[in-house]
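Below: one structure, written as structure tokens.
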Amino acid sequence: MGKLKFAIYWGAACGGCDVAVVDTHEKLLDIAAAADILFWPVALDFKYRDVEEMADKSIDVCLFSGAVRNSENEHIAKLLRQKSKVMVALGACAQLGGIPGLANEKRRQDILDFVYHGSPSTASQKGVYPQEITSVPEGKLKLPKFYDAVMTLDQVVEVDYYLPGCPPESARILEVVQAIVTGNLPPKGAVVGALDKALCDSCPRKREEKKVKVFYRPQEILFDPERCFLEQGLICLGPATRGGCSDPPRCIRSNMPCEGCYGPPPDVTDQGAKMLSAVSSIIDSQDPGQIEKIIDGIVDPLGTFYRFGLPASALRKKRFP
Amino acid sequence: MKTISIDPITRLEGHGKIEIFLNDQGNVENAYFQVPELRGFEVFCLGRPVEILPRIVPRICGV
Amino acid sequence: MDNFEPKIIGFYCNWSSQMGIDSAGVEGASYPPNLRLIRVMCSGSVDPEVIIEAFKKGADGVVILGCHLGNCHYRNGNYNALRRYRLLQKTLEQFGLEKERLRLEWVSVAEGKRFAGLVGEITEELRRLGPLRQFS
Amino acid sequence: MDGKIGSVLVIGAGVAGIQASLDLAESGYHVNLVERRGNLMGAAANNCCKGVEECNRCMLCQVSEKAFQVITHPRITLFRHGEVVKVEGEPGHFSATIQRFPEMNERGCPICDKLPLYAVPLKSDPEEIQLDVAGVIMAIGFKLFDPSPLPEFGYGKYKDVVTAVEFERMIHERTGLFCSDGRIPRRIAFIQCVGSRDPKIGNPWCSAACCSFTLKEAIVAKEYVKDLEPTIFFMDQRPYGKDSERYLSRAKEQYGVKYIRSGVSKVEAAGDGKGLVVTYTSETGGVSTARFDMVGLSIGLECAVTAKKLSREFGIELNPYGFCWASPFSPLETSRQGFLVCGTFGGPNDMTESAMQASGAAADTLGILAKAKFDHVPQKSYPPERDTSGEAPKVGVFLCQCGDYIGKTVDVASLTQFASALPEVAYCDQRRYACSEEFRDEMKEAIKVHGLNRVVIGSCSFFTHGSLFQETLREAGLNPYLMEMVNLRDQCARVHSHDPEKATMKAKDLIRMEVAKARFLEPLYRLSKTMNPSALVVGGGITGMVSAISLAEKGFDVHLVEKTTQLGGHALRIQHTLEGGNVQAYLSDLIEKVKGFPKIHVHKNSELTAYQGRVGDYTSRVKTTSGEEREIKHGVTIIAAGGREYKPDEYLYGQDPRVMISVELEEEIDRRTERVAQSQTIAMIQCVGSRNEVRPYCSRLCCAKSVKNAISLKTLNPKMNVYILYRDMRTYGFRESYYQEAREKGVIFIRYDLDRMPEVKAVGDILRVTVHDIILGERMEIDADLLVLASAVLPPEDNHILSRILRVPLNEDGFFKEAYEKLSTVDFMQEGIFVAGMARSPISIVESIYQGKAAASRAMTLLSRESLLTDGIVSTVKESVCCGCKVCEALCPYGAIAVVPEENVAKVDELVCKGCGTCCGACPTGAAQLKGFKKEQMMAMVGAYLGA
């Protein structure tokens, strides 16, 4: 058997997933020994044209990170899908929309207006906006179309596996690559490199009783580093987030609540809905007025419960009637 | 007129594209650097509680 | 939008609200035919995931019906419904849904007529708000 | 059978009759319930839900639910429009004659007379019926006082003068508050004690229930009209029930209900013809008037219309007020053996006391009943259940026209056609009455012939007909949970009769949704839990002993755990009751009885240290003071841990030997101590430690206690000056006559306010009590020889420990918190554990006796069974995804779900779970799902309506 052929690409992403791949350190050499990387913009000098020229399905595995934000992302996603046998959504953005997905709370035009005009740090006297086609004396320049909403990878192409995380833990990436190399793959559509159990399962913090009278913002209290965040009134998405980022979970280890980047556990489709359900259920009050007050302590439900998953959520984006 | 398109620009963080136009002599007539990427952090950070920002903005660039 | 008929899904508890809703029929009250009712055991068991799914699939409004506070068949399941509903409503508002599209109402055995009036009121309100266009 | 009869006659189907019937039927006996009217629920049917944001506990919902249970209970035979005319024989062997009124209308809804047919099959009988019964429970209720003969209140003359009960119905029926001319009232007056506490008209008693009732009306009225000013004219505020004091404070503080202590002399039309003018004499004697838009008369309770006739016919005695006479320490026993009384026939009561007495009467009846249990329900055999697990869904849809109710509006033929074409529907048929026996037989046949494995029935309410159709499935060899119902009648046809086309469209949607859900139905099974027929009773006071005796009489083993060295509890210090009963004689009698029962195992000097298990199978550990520990296995638990008195730190108590608390005075009176005999002046201060900020509850029994002591003192020495400093005299019910007697004997009652509390000083030899006399409007000094403090009743110190061990909640005051404040008052949400007596709230000895019996009766509804069946609808946890987050654990009202630490997954105790699904709605991983209502089923319904 010849060496496997890999492609690694990023859509609307920060490059953190690529760094996570690099963070496999010397193990990267093992990957290189087992596989040829045909395309990886952050590291290698291959161009889109090189990909276009490849035969269909000539790439064995494509690791696609980043969300689909514009027509270029979509185009390349489709291109790579066509050329790849296995498409892996790498990281939260590809799987869920990720942080760039928060843009789905805003209008497309509002984003453009602020970035190119309204923002205090923008100096654009002529009010120039990026154009899809710009005519220059030499010809026409083309920029991709900026979509109305951020999409997840599987909203534009078929995805075979999901490798969650923002970014995915390097060790998990390595495990998955090894599984691919050894042909030891789970059924199509599976989430790999993560557990079926939610994060709480591997959380070392002590859980006593889940009854909360106040929700705090992290800067508002000194919290007990040994005890469950939720029980102290700090919103932690651990219960509705897949575990597996590391053991113990990495944010928890750093004394911060889980923010949900590993996405929903297997039986959940809308992570935010499930999390808000759990959070509201632990409110310890039977007084409608007090309940209202306690809930007001959660200042940004959407940004809290859908921080990484807005485009993947059932409602996907804000509605502007 | 000949055009050289460097797409994408590689081995750096972010998305970029360069179009180079050569004249008949084969010299560079003009070159355009383009950034096809926009995510809009400036906007979706607006209105968010301050404590969430340190958890959002690192995702501007992860390299 | 004159011909707009809102699609409404209602989740009602097996106890007081079932008795109340049914007594609207027994008493011969009438209300607009826009509501589709789904029986659950307790208003406190309604899963926000299902509600959001209903909106996603094109429901213009969702109403949860339970026993009056303090009178839950399971003692305090309806308080749970209340807590969950308030946070869900707050979240949905951030999604751009008018808060009138998600309602939580208490109905008792003797409130058949009130329930009929309520359905009329909810239907009217949703007619005024217009259709909740598909999200996807 | 031991020759006794296993059947009871209950007369009256109000709250008390319903509760007594259910308790007996649940304990396995047969009940003949006779009701004069066409509907059940008696006076409770007057309660109407007003639909305000927060439930004001009219309890109609719960009473209706219980009424439904009565109607559908296989061991209760209901005779509506019937009257018991004769009962002959002996306890255990009575023969009763029932006459039924010929004009009865069987088609009326038995729940609420105004509703048309609820097609529950009712048994019909000939017009005169003979019944063999072992005992008779009289729950004939009361009559509301008719204020028409009292011209001063203008009732009948002015349309806007209504009784409180009329007011209640009015708000409901008009769904709002309006004057007779349609205006919205701004000012509304309620006048208390109309027809009560009024010796002039022959009603000297306090009607007990009206203070709370009116309070509720005022609050509800205020909810409807936000700027309303409700005013209550009253003599004493007497909402004495558990948690009522908080309700009263809320009425004043949150709702701004105004209270005017006064006597109302007349209600007249205002001179300008607008509204009504109330003339009243205030406490200080001044006469004032105030103008109102509406006046509500808080009318009292009188003995039932039929009381006299029945007492004559049955040979039971009445008390001087026309209510049923009951024996002092057996408050539910009448003068005729085998006849028991409960509810308002025994005296004015609220719903809470009535229901408790009803349970108590049921317990008392059990003693004369046969041992044979559950022999009145024929054992039915079913074909073996078909295993449908490997089969693809084959849904049968059965549609009902319900006579014309559905068929007139919904096009059932086209609906049938529609349903037949739905995917996975293998069979569809319709009939005029789906509930008819013929159609149910056809249904069974169709299930067999077509191999159906899911059934959807489009007819009426699951509430009324669910069990009938589940039964049909069982008879056809299908698991009963493979059935779903669509209420085409009440949720579609009847409410859309004006638009048949849309109604049919909606019916199609509803059927499609239910068929979509049916696809995901699974067979569910009711689990059987074993029942250890023995009880643990915590507390050896009167309540605990009464409970234990009731249980032992019926043959159950009882472990009676008492903390101290002797049985008797608080009552050991009490000499006699207000009514004159000899407490010590009763107590020693009770203790002897306990000793006489080999079934009662008394553990003195003992405390409960551990407790685990579930209803039917508990294991407790009891430890003696000497450190011995033993394990007890039992099926149910009764908490009767009692209360304790407050040792005041005010008014020089503990500093000056002349200051004592009520119970100490009682002991001294009994011992005839010199200082009591020589006292010239004795002052008593009421509400010491009660009804204040620290303890915002009424201790309930102290008013009667002080009146009792005052009468004793005046009897000893008529010349003695006895002062009672009070805030409200709460001598509710017949206790009022002793208050009257005390005043006649010259006891001086002085009222004080919270903002001007009495002061006590030792001035030399003199103990000086200073009080602001509101009536005289001046400070008054009483130089007392002895000062007696009516101190609060506190929950036992270790209640919180007990609460933690037994895992049942306490209320804010530290007393045990029952399942529902007004009904189910001795039950907890957790099955198999009960509470009675002072552990629940402060009560008198007589009340403890029937509460103890009530707890025993409730316990026996479980103990009488060999095993208990759960419902199939319970929560289940998918362990492969549960992360042990514990969100569910704190939510469950029954303690049925908990995270097992070793495995870090939540597990449901299906024997305890009641299937509310609260944990499932909350579960963040979707691991917890409610069987029969799983997410996939809900999603399928949503999808079927809105498109996948």
Side-chain angles (χ1 to χ4, degrees), chain A residues 102 104-107 148-149 151-152 155 211-212 215 235 240 264-265 267-306 309-321, chain C residues 1 4 42-60 62 64 66 68-72 74-102 104 106 126 128-136:
Chain A
L102 282 173
N104 283 3
E105 202 198 341
K106 308 288 176 189
R107 274 196 179 92
D148 274 341
M151 287 177 278
T152 62
Q155 286 164 4
K211 281 188 171 175
V212 170
F215 286 115
I235 293 179
D267 286 5
V268 176
T269 46
D270 195 302
Q271 185 186 15
K274 272 313 208 178
M275 195 59 219
L276 76 85
S277 185
V279 162
S280 55
S281 300
I282 63 172
I283 293 172
D284 184 18
S285 171
Q286 297 212 346
D287 174 67
Q290 200 189 0
I291 290 172
E292 199 69 45
K293 239 169 96 183
I294 297 173
I295 287 177
D296 283 343
I298 304 168
V299 283
D300 177 18
L302 184 136
T304 305
F305 303 123
Y306 292 93
L310 191 51
S313 72
L315 299 182
R316 290 190 177 186
K317 60 176 184 178
K318 183 170 174 164
R319 167 179 173 267
F320 298 96
Chain C
M1 228 172 310
F4 168 57
C42 176
S43 56
S45 74
V46 180
D47 183 346
E49 225 185 335
V50 179
I51 295 174
I52 291 184
E53 187 70 13
F55 283 123
K56 178 194 172 181
K57 293 218 158 110
D60 298 300
V62 173
I64 308 162
H68 280 264
L69 287 179
N71 201 20
C72 173
Y74 305 102
R75 180 159 248 288
N76 47 24
N78 51 3
Y79 283 100
N80 246 309
L82 174 68
R83 295 188 271 257
R84 221 168 275 159
Y85 149 85
R86 282 304 297 129
L87 185 55
L88 178 60
Q89 199 179 44
K90 196 175 164 188
T91 310
L92 288 176
E93 277 188 88
Q94 266 186 302
F95 271 102
L97 268 78
E98 298 85 352
K99 67 174 192 295
E100 295 81 2
R101 294 194 188 268
L102 177 65
L104 174 66
W106 315 128
L126 290 171
R128 194 181 59 75
L129 287 176
L132 179 71
R133 273 176 295 273
Q134 294 290 112
F135 267 89
S136 41

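What you see is a predicted model, and the numbers here were worked out from it, not measured in a lab. Proteins come first, then strands; the chains are lettered A, B, ... in the order of their sequence lines, and each starts at number 1.
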### Message
Taking the side chain as everything from C-beta on, heavy atoms only, tell me whether Leu88(C) gets closer than 4.5 Å to Ser280(A).
### Response
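Side-chain contact under 4.5 Å: no.
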
### Carboxylate-amine/guanidinium contact Asp47(C) Lys274(A), below 4.0 Å
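A salt bridge links Asp47(C) with Lys274(A).
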
### Message
For the interface with chain C, which of Thr269(A), Thr304(A), Val279(A) has the highest count of heavy-atom pairs at distances below 4.5 Å?
### Response
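Going by pairs under 4.5 Å, I would pick Thr269(A).
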
### Query
In terms of heavy-atom pairs under 4.5 Å with chain C, which of Gly303(A), Ala149(A), Gly272(A), Ser285(A) leads?
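Result: the option with the highest number of such pairs is Ser285(A).
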
### Task
Heavy-atom distances under 4.5 Å only: say whether Ile51(C) touches chain A with side chain, backbone, both or neither.
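Contact with chain A involves no heavy atom of Ile51(C) at all.
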
### Query
If you round to the nearest 0.5 Å, how far is CG of Leu302(A) from CZ of Phe95(C)?
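Phe95(C) atom CZ to Leu302(A) atom CG measures 4.5 Å (nearest 0.5 Å).
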
#### Entry: Spacing of OH belonging to Tyr85(C) relative to CD1 belonging to Ile291(A), to within rounding of 0.5 Å
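It is 12.5 Å, given to the nearest 0.5 Å.
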
Which atom pair, heavy atoms only, marks the closest approach of [X] to [Y]?
| X | Y | answer |
| --- | --- | --- |
| Ala314(A) | Ile52(C) | CB-CG2, 3.4 Å |
| Thr91(C) | Pro301(A) | OG1-CB, 3.3 Å |
| Leu87(C) | Leu276(A) | CD2-O, 3.5 Å |

Interchain contact, [X] with chain C, by part (heavy-atom threshold 4.5 Å):
| X | result |
| --- | --- |
| Leu310(A) | side chain |
| Asn104(A) | neither |
| Glu292(A) | side chain |

### Arg319(A) side chain vs Gly96(C) backbone, donor-acceptor pair below 3.5 Å
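A pair under 3.5 Å: yes.
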
### Task
Output yes when a side-chain donor or acceptor of Glu49(C) lies under 3.5 Å from a complementary backbone atom of Ala273(A), and no otherwise.
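Flag not set: sc Glu49(C) to bb Ala273(A) has no pair under 3.5 Å.
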
### Task
From the options Gln89(C), Lys90(C), Arg84(C), select the one residue that forms a side-chain contact (heavy atoms from CB on, under 4.5 Å) with Ile295(A).
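So, applying the side-chain contact (heavy atoms from CB on, under 4.5 Å) to Ile295(A) and each of Gln89(C), Lys90(C), Arg84(C), only Lys90(C) qualifies.
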
### Message
Among Glu98(C), Arg83(C), Glu53(C), Glu93(C), which residue has the highest count of heavy-atom pairs closer than 4.5 Å to chain A?
### Response
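When all of Glu98(C), Arg83(C), Glu53(C), Glu93(C) are compared, Arg83(C) has the most.
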
### Task
Output, in order, the C-alpha distance, side-chain angles, deciding distance and verdict of side-chain contact (heavy atoms from CB on, under 4.5 Å) for Ile283(A) and Asn80(C).
CA-CA 9 Å; Ile283(A) 293 172; Asn80(C) 246 309; over 6 Å; no

